[in-house]
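Each remark here refers to the structure printed beneath this line.
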Amino acid sequence: MSTGFFNKIKKSFFIKIYFLFLALCGVSLFFAPNLSLSIVNICYLLISFLTIIHFGILLNNRLYLIYKLVFVVVLFTFFETSIALINFLELLKINASEAYKISLNTGNINIFAVSLNLKIPFVLLGIFTFSGYKKWISIIAFSSSCLILFLNNNKAAFLSLGLIVLLFLAYKAVKTKAYKKIGLVVLLLIVAMGVAYLVTSVDKETSVPTSAVNKASDNTEFSMLNSLDKEESASSRIKFWRNAIELSKQNLFTGVGLGNYQVEISPYDNKLLNNGSVTIHPHNDFIEILVETGIVNALIYFTLFITLLVINVKKLKSEDTEIRTIALLTLLILLVYGIDSLFNFPLYQPTVQIGFCIIMIFTLLNQSVEVEESNLLVSKKYFIPSILLSLTLLYFTFEIFKTYKLELEIKKDYALEKHLISADYIAKNLPKYPNINNETYPFLQKLGVYHYYEGNFEESKKVFAQSKKINPYSGVEDWYLSKIHAKTNIDSAQYYIKKSFESRPRDLNSYLDLLHISNIKKDTLEIINTNTVFSSYRDEPMNYIHTSNALYNSGYDIKKLNQFIAEGLSKFPQDSLLLDRKEMFQKILDVKNGVVTSSKAKVQSVKNDENTAADKRLNNVVNMNIYLQEAANYGAKGQFDLALKNYLLVLEKYPDNLAIHQNIGLCKFEQKKFKEAIPYLEKSLGDQNLNDGKSEYFLGICYLNTQNKAKGCSFLNTAKNKKYPNAAQIIEQYCK
């Protein structure tokens, strides 16, 4: 084994910085509340370390093979982007909204975008270096990469792409004056941008049924809106960064422990994110290192990047063309990786971490070739520790693989809503590394949930107590404990749901459940306090609807209720639901006033009976309208599970109301539960007031998605004859 490589490591200043960074990451394990998470993350870092060492040995004094390596990357990019575009075109016919999320097997459009940008410097070099078929493959690879990045519409990727192309072309303009090739690259970039614009501008009405519904549903009470803040937005990232910096102040020098950000940030982000949304990274590697390992290590990590930048900029001045070329490649890859480090979390993404390894290897080896020397002693010194470390990492990697396998099984089981997995199965396969899933929920919590579904409430309580020690901030355990105690002790149920709500004051389910339990207890003060807290984070018109519903059913004074609704209207004067609610409460008040103003006792007695009956009828109508309004609002926000709950409550009292059947069918449709939607939609066909073709249209799409083309096309033709929007386009594409 070559001693030259290890001599380079010993002499390298930036490698010493890297070793110091890894050492301090290791020290942070002693300050980690959750050691399991730290072990997982240190394994990821050590795998990158071994990759650098092994590939460094392989490429030591062999960087003259750089152009062969460039062509391998170009070829890989060519095939990868070709497959991605073929998948895109196929998915565009099935589900347009999903087609633009091009990610292949990376699982995330951001990761796929940065992985492409890491290859583009190689592809650009191929265009300027190769001739013949190699050049054409490079051109196609560059064009398809740019097209995919434009279709993905990723801002960080745009920034990286623009900068690396600009810097590469500027360098080539100065050094080689290859203006024709520079013009070609600019032309390819413009063409890719133009094609992406044309594709995204195509009328989505030609897409397949499941995507066509997004347009068609504009004609219903459901529109596909997202009520949550998007993590991709710049404003959200800034909020995440602020929260992370606040957390870092609590452990400025020691950090919270490698990998522990995702749990310890919860008390901060739970007041920022709606419902069950969580963050497992702050979308900035430098800030994450600051939080997890302390300010000293964060500065060391930042210094590593500055050092790599300075070293490679100096090498651009070398008289050796090969050294300059490799330095240029390294700088461009460093630029891509650095930008991604500022806006995402490449440190723990293997697909992107390859880029970091290339930066380290090229920077270390890009120098004049040394004479090889063999030394068996050095070989043994390296070989044994390397094997031991590799075997250790292999064990933990296998454990991590088993954990994610179990997580996937649980997710699939949740999606089926049949709970086919047993609590015993989860208990037998309970993972240690990591002991929480990708949504920061402990696997013990999932075990407790499955005990709950199986009716083992006492066992569920025990497991939840253990789970809360791993992540005390999720509030999910308290939510389930509330449901358990609601069967026997309403006071305990209220206690636990309050704790759940306190953990997640922006969570809609906890808010609604606390209102519900407080309503059962007739605790109007708690109802008002709950609304005040929730509205301080999410001030929405529906808060007044939910709260007024709970207050009304708790016997709250109707005059005060009118004042409460008036307060809501002062904030949201055009909200139709609040206006309807004001009118309903005014009718109730009028009925009650009629009882009071009756003069003669005999007449008053009769009127009391009449008014009591009228009051009951009116209450039934009010409650039905409340549920319907809430359901429509949930549907408009895309929260179809909550909309379904309200529609089903109304259906219990009004089973013959076919419009409710239609709405339930539409909710099931939006959830892609096509088989479940069919009976409800078919039931609604008997209503003469629902004769616009809507039920037939959605029935047709449901049958197409359940592989019953004959019935699907039959219903779609009926919808077409009734001139229902978009029916003709679906028939044209799928019924010929």
Counting heavy atoms not belonging to [X], are there more than 12 under 6.0 Å from its [atom1]?
X    : atom1 : value
K560 : NZ    : no
K582 : NZ    : no
F457 : CZ    : yes

Is a side-chain donor-acceptor pair under 3.5 Å present for [Y] with [X]?
X    : Y    : value
E292 : S28  : no
H451 : E459 : no
N549 : N553 : yes
D413 : Y450 : yes
D513 : S482 : no
D507 : N274 : no
Q494 : S518 : yes
N562 : R581 : no

Charged N to carboxylate O under 4.0 angstrom, [X] versus [Y]?
X    : Y    : value
E407 : K411 : yes
K468 : E477 : no
D478 : K498 : no
E502 : K499 : no
K412 : E409 : no

Do H485 and Y496 have their ring centres less than 6.0 Å from each other?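 Ring-ring flag for H485/Y496: true, centres closer than 6.0 Å.
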Does a side-chain heavy-atom distance below 4.5 Å link C25 with N297? yes
Are I436 and Q262 close enough that some pair of their side-chain heavy atoms sits under 4.5 Å apart?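 Answer yes - side chains close enough.
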Looking at T530, N519, N531, T524, which hits side chain to side chain donor-acceptor pair (under 3.5 Å) with T547? N531
Take the angle between the ring planes of [X] and [Y] and call it parallel below 30°, perpendicular above 60°, tilted in between.
X    : Y    : answer
W241 : F343 : tilted
Y680 : H661 : tilted
Y44  : Y348 : tilted

Mark yes or no: K483 above the aromatic ring of W479, with NZ or CZ under 6.0 Å from the six-membered ring centre and no more than 45 degrees from the axis.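 Checked: cation-pi criterion met.
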